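Notes to accompany the following structure.
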Amino acid sequence: MDTLAALGNGFLVALTPYNLLWSAIGVTVGTAVGVLPGIGPALTVALLLPVTYHLEPTSAFIMFAGIYYGAMYGGSTTSILLNAPGESGSIVTAIDGHAMARQGRGAQALATAAIGSFVAGTIATAALTFVAPLMVKLALLFGPAEYFALMILALTTVTAVLGNSLARGLGSLFLGLALGLVGIDMQTGQARLAFGVPELLDGIDTVVVAVGLFAVGETLYVASRYRFETEEIFALKGSKWMSREDWSRSWKPWLRGTLLGFPIGALPAGGSEIPTFLSYLVEKRLAKKPEEFGHGAIEAVAGPEAANNASAAGVLAPLLSLGLPTSATAAIMLAAFQQYGLQPGPTLFDSNPELVWGMIASLYVGNVLLLLLNLPLVGMWVKLLVIPRPWLYAGILVFSTLGAYTLNNNVVDLVILWGIGLVGFGMRVLNVPVAPCVVGLILGPLAEQQFRRALAISQGDPTVFVSHPISAVLLAVAVLLVVGPLLLRRRNRNAAAGGTDRPGTTSTV
Amino acid sequence: MTTGRSLRIGEALLGGGLAALGALIAVETMLTPSAGRGVVGPALFPYLIAGGLVLIGLSLLREAFAGHIAHDGGLELDLRAVVLVAAGLAAQFLLIEFLGWIPAATLLFVAVARAFGSRRYLLNVALGLLLAGATFAVFNYGLDLNLPSGIVGDWFEPAE
């Protein structure tokens with residue numbers, strides 16, 4: 001089917017009053033959780049899974065997509081006014097955005113973030129519309145060996161890219177893979193690592209792990225640091241409008257941010273951290289006044305915020321066309337597809353076109369709604385920031401336990417939530433990234449399935465992964481990503497040997 | 001105040017814990033009689049993951065004592081607050097089926113609020129009750145999901 005015709009049908013689905021309502025709910029909730037510290041889109045979608053069980057899948061995914069996009073808009077508000085990034089894609093925004101707020105230019109920072117998000121979101125959604133069908137065509141060439149190689153690549157990039165230590169990232173990833181082993185093996189029906197607990201036979205729920213790491217672990221960490229950190233909110237004052245100069249300094253960073261964000265989000269590299277950092281560096285290099293960077297340069301808000309939103313659209317391309325999640329939120333959305341008994345991938349475009357295209361069309365609609373929500377109504381969201389922290393975090397934990405308990409109506413899930421939460425707290429203190437754990441938990445079993453399928457087809461010949469060219473290339477890239485940085489570091493170390501101490505050993509223990 | 005030294009011990013615990021988890025998975029897989037149908041049985045991936053865990057655990061242990069850790073200068077942590085939140089969660093999963101969702105969730109709410117320094121217990125209890133009661137009503141009557149009503153709920157049930 002022609003892409004435009006399919007998109008047209010998608011709009012017919014997305015513009016029904018019922019689905020418009022769910023889109024509006026999604027973007028509103030998304031903006032709220034983006035603004036609120038301590039709660040992000042992955043956690044919100046996870047908590048809403050039990051609630052949406054009775055909903056039509058199309059409406060549910062329209063809402064989830066709205067939450068994902070909305071959180072990208074809302075995250076900038078917290079970064080700019082509070083200097084506390086609500087999610088990892090807003091870390092860069094906080095640098096100059098907060099400096100602008102200190103100078104009384106918070107409103108302009110929020111405006112360039114919101115309009116930039118709209119521009120980038122719309123262009124990137126259009127790119128998604130045309131790239132996703134192409135990726136589907138590519139996916140049709142893939143057999144189990146290629147899928148396995150692709151999943152290995154996604155797992156390594158998510159790990160190698162996040163955090164500052166490969167060992168810590170891998171530790172998080174393998175913890176997730178180990179949790180994914182628990183339960184009945186899909187192909188032989190044999191129980192693995194259930195230790196005789198009947199509730200474990202169904203496996204450990206992705207939702208419980210995500211909520212444990214993102215909500216419980218995070219709350220424990222914030223509680224432990226609460227006495228030592230002070231927050232200061234900067235009120236909005238002065239002119240709310242962007243000046244002519246603000247516009248002329250913003251529009252190019254918006255477009256460049258989009259150009260960086262979408263492809264990087266769409267690659268298995270995924271995530272929003274890299275494109276936002278890259279956009280910051282590019283804008284600094286190209287700026288007429290690079291000395292302003294770090295002290296409230298509007299380009300440094302416009303570019304990264306655009307990149308951030310564009311990458312959200314990019315992440316949806318491999319998720320929908322290959323079934324490959326490249327961020328924590330995408331991993332939870334894959335779990336949501338599984339809850340409905342749907343498998344994202346080429347077949348989904350054939351079997352459920354109204355869902356896929358309705359969801360893509362709803363992204364265009366959601367962007368317009370979000371611009372309205374975030375530009376004239378931004379003052380309303382700012383008020384969310386004054387909710388007293390004790391009540392905010394107490395409420396987050398009540399909802400987290402509610403979500404975990406209602407999944408299967410049993411206490412074992414609450415016990416697992418507690419244990420994972422404590423582990424998450426430890427990881428947070430030791431600076432171990434948690435996203436690889438969630439992605440590993442959901443991709444591990446899928447990778448194993450493809451691996452065994454590939455070997456069954458090749459009748460046990462393990463060279464199948466290197467004799468298929470696509471699979472061989474993907475695996476080679478994955479190996480390079482892990483080994484390359486290690487080799488580089490070793491070379492640097494050898495070059496520095498004999499001279500100064502290695503960094504890190506200088507501190508007293 | 002948590003010093004760099006206790007953070008190193010923490011990192012060592014993480015490394016040791018991952019290595020131990022790897023060993024546990026390997027042993028458990030060895031002890032499970034294999035239903036070895038198909039070309040690759042259900043034991044291969046557990047062994048691979050166990051091997052990876054042991055290697056990563058050992059490398060983290062090495063890093064903990066000789067390498068670079070996060071927050072080299074130490075990190076201030078209020079561990080009493082952590083214990084309080086963790087205790088609130090534990091109390092909730094121990095009491096939820098007996099007392100019911102509303103009292104257990106209220107208790108959790110008050111415990112977390114206290115961990116964040118709020119001492120307005122009466123107000124916190126009221127807010128907790130409101131939140132727990134509202135979610136109970138929405139979930140049990142609106143969404144047909146079953147949150148436990150517990151013995152407190154039973155007092156209000158009509159006797160039959």
Side-chain angles (χ1 to χ4, degrees), chain A residues 50-51 54 165 167-168 170-171 174-175 177-178 181 185 187-190 192-193 195 216 219-220 223-228 388-391 393-395 397-398 401-402 405-406 409 411 414-415 417-418 421-422 425-426 429-432 448 451-452 455-456 459-460 503-505 507-509, chain B residues 4-5 7-8 10-11 14 18 21 25 28-29 32 35 37-42 45-46 49 52-53 56 59-60 63 67-73 75-79 81-82 85-86 89-90 92-93 96-97 105 108-109 112-113 115-118 127-128 131-132 135 139 143 145-147:
Chain A
V51 184
H54 299 290
S165 143
R168 286 190 201 117
L170 283 174
F174 272 77
L175 181 64
L177 291 175
L181 285 175
D185 171 40
Q187 292 184 351
T188 57
Q190 181 179 327
R192 293 194 295 197
L193 301 172
F195 301 102
V216 181
T219 303
L220 286 167
S224 76
R225 299 281 304 145
Y226 187 65
R227 278 205 292 147
F228 310 109
R389 293 299 176 264
W391 295 343
Y393 284 98
L397 281 200
V398 167
T401 52
L402 178 76
Y405 185 85
T406 46
N409 264 350
V411 180
L414 285 182
V415 180
L417 180 78
W418 185 76
L422 288 178
F425 168 68
V429 170
L430 297 170
N431 235 355
V432 177
E448 180 182 10
F451 179 85
R452 286 157 75 173
L455 282 189
Q459 291 167 339
T505 53
S507 71
T508 48
V509 179
Chain B
R5 184 195 203 107
L7 282 175
R8 274 180 198 280
E11 177 118 358
L14 175 75
L18 287 179
L21 178 66
I25 292 175
E28 173 73 15
T29 310
T32 313
R37 283 178 291 145
V39 186
V40 186
F45 266 66
I49 291 170
L53 279 169
I56 294 159
S59 125
L60 280 170
E63 229 175 89
H68 186 66
I69 59 162
H71 311 292
D72 262 329
L75 181 72
E76 282 181 300
L77 294 174
D78 180 357
L79 290 177
V82 175
V85 174
L89 284 164
Q92 192 203 25
F93 70 64
I96 186 169
E97 308 236 292
L108 173 68
F109 190 93
V112 178
F116 278 84
S118 169
L127 272 173
L131 186 63
T135 46
F139 272 70
L143 292 166
L145 291 162
N146 281 316
L147 287 169

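A, B, ... follow the sequence lines: proteins, then strands. Residue 1 opens every chain. Just so we're clear, the structure is a prediction, and the values are computed from it rather than from any experiment.
Residue B:Ala132: no heavy atom, backbone or side chain, is found under 4.5 Å from chain A. Heavy-atom distances place the side chain of A:Leu181, and not its backbone, under 4.5 Å from chain B. For A:Trp418, the part lying near chain B is the side chain, with the backbone staying farther off; criterion is any non-hydrogen pair under 4.5 Å. Proximity to chain B (any heavy atom under 4.5 Å) is restricted, for A:Leu422, to the side chain, taken from C-beta onward. Heavy-atom distances place both the backbone and the side chain of B:Ile49 under 4.5 Å from chain A.
Closest approach of A:Leu414 to B:Phe93, counting heavy atoms only: CB-CB, 3.6 Å. Contact between A:Arg168 and B:Leu60 at its shortest, heavy atoms only, is CG-CD2, 3.9 Å.
Note that CG of B:Leu79 is 6.0 Å distant from CZ of A:Phe425, once rounded to the nearest 0.5 Å. Taken from OG1 in A:Thr406 to CG in B:Asn146, the straight-line distance is 10.5 Å, to the nearest 0.5 Å. To the nearest 0.5 Å, atom CG of residue B:Asp78 and atom CZ of residue A:Arg225 are 10.0 Å apart. In this structure, A:Leu170 CG and B:Ile56 CD1 are separated by 4.5 Å, a value rounded to the nearest 0.5 Å. Between B:Leu89 atom CG and A:Leu220 atom CG the span is 7.0 Å, to the nearest 0.5 Å. Once rounded to the nearest 0.5 Å, the distance linking CZ of A:Arg227 with CD of B:Glu76 reads 8.5 Å.
Across B:Val85, B:Leu18, B:Val82, the residue that shares the most heavy-atom pairs under 4.5 angstrom with chain A is B:Val82. Each of A:Ala223, A:Gly421, A:Pro390, A:Gly171 has some count of heavy-atom pairs under 4.5 Å with chain B, and the biggest count is that of A:Pro390. Your options are A:Ala178, A:Gly395, A:Ala394, and the one with the most heavy-atom pairs under 4.5 Å with chain B is A:Ala394. In terms of non-hydrogen atom pairs under 4.5 Å with chain B, the most contact-rich of A:Leu193, A:Leu402, A:Leu175 is A:Leu402. With chain A as partner, the option from B:Thr29, B:Leu21, B:Leu53 having the largest number of non-hydrogen pairs under 4.5 angstrom is B:Leu53. Across B:Ala115, B:Ala90, B:Ala105, the residue that shares the most heavy-atom pairs under 4.5 angstrom with chain A is B:Ala90. Among B:Gly117, B:Pro46, B:Gly128, B:Gly10, the residue making the largest number of heavy-atom pairs under 4.5 Å with chain A is B:Pro46.
A:Arg192 places a side-chain N or O within 3.5 Å of a backbone atom of B:Pro42 that can act as its donor or acceptor partner.
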Step by step, would you call B:Leu127 with A:Trp391 a side-chain contact (heavy atoms from CB on, under 4.5 Å)?
CA-CA 9 Å; B:Leu127 272 173; A:Trp391 295 343; 3.3 Å; yes
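At least one side-chain heavy atom of B:Ile96 sits less than 4.5 Å from a side-chain heavy atom of A:Tyr405.
Taking the six-membered ring where the residue is Trp, A:Tyr393 and B:Phe116 present parallel rings, their angle staying beneath 30° rather than reaching 60°.
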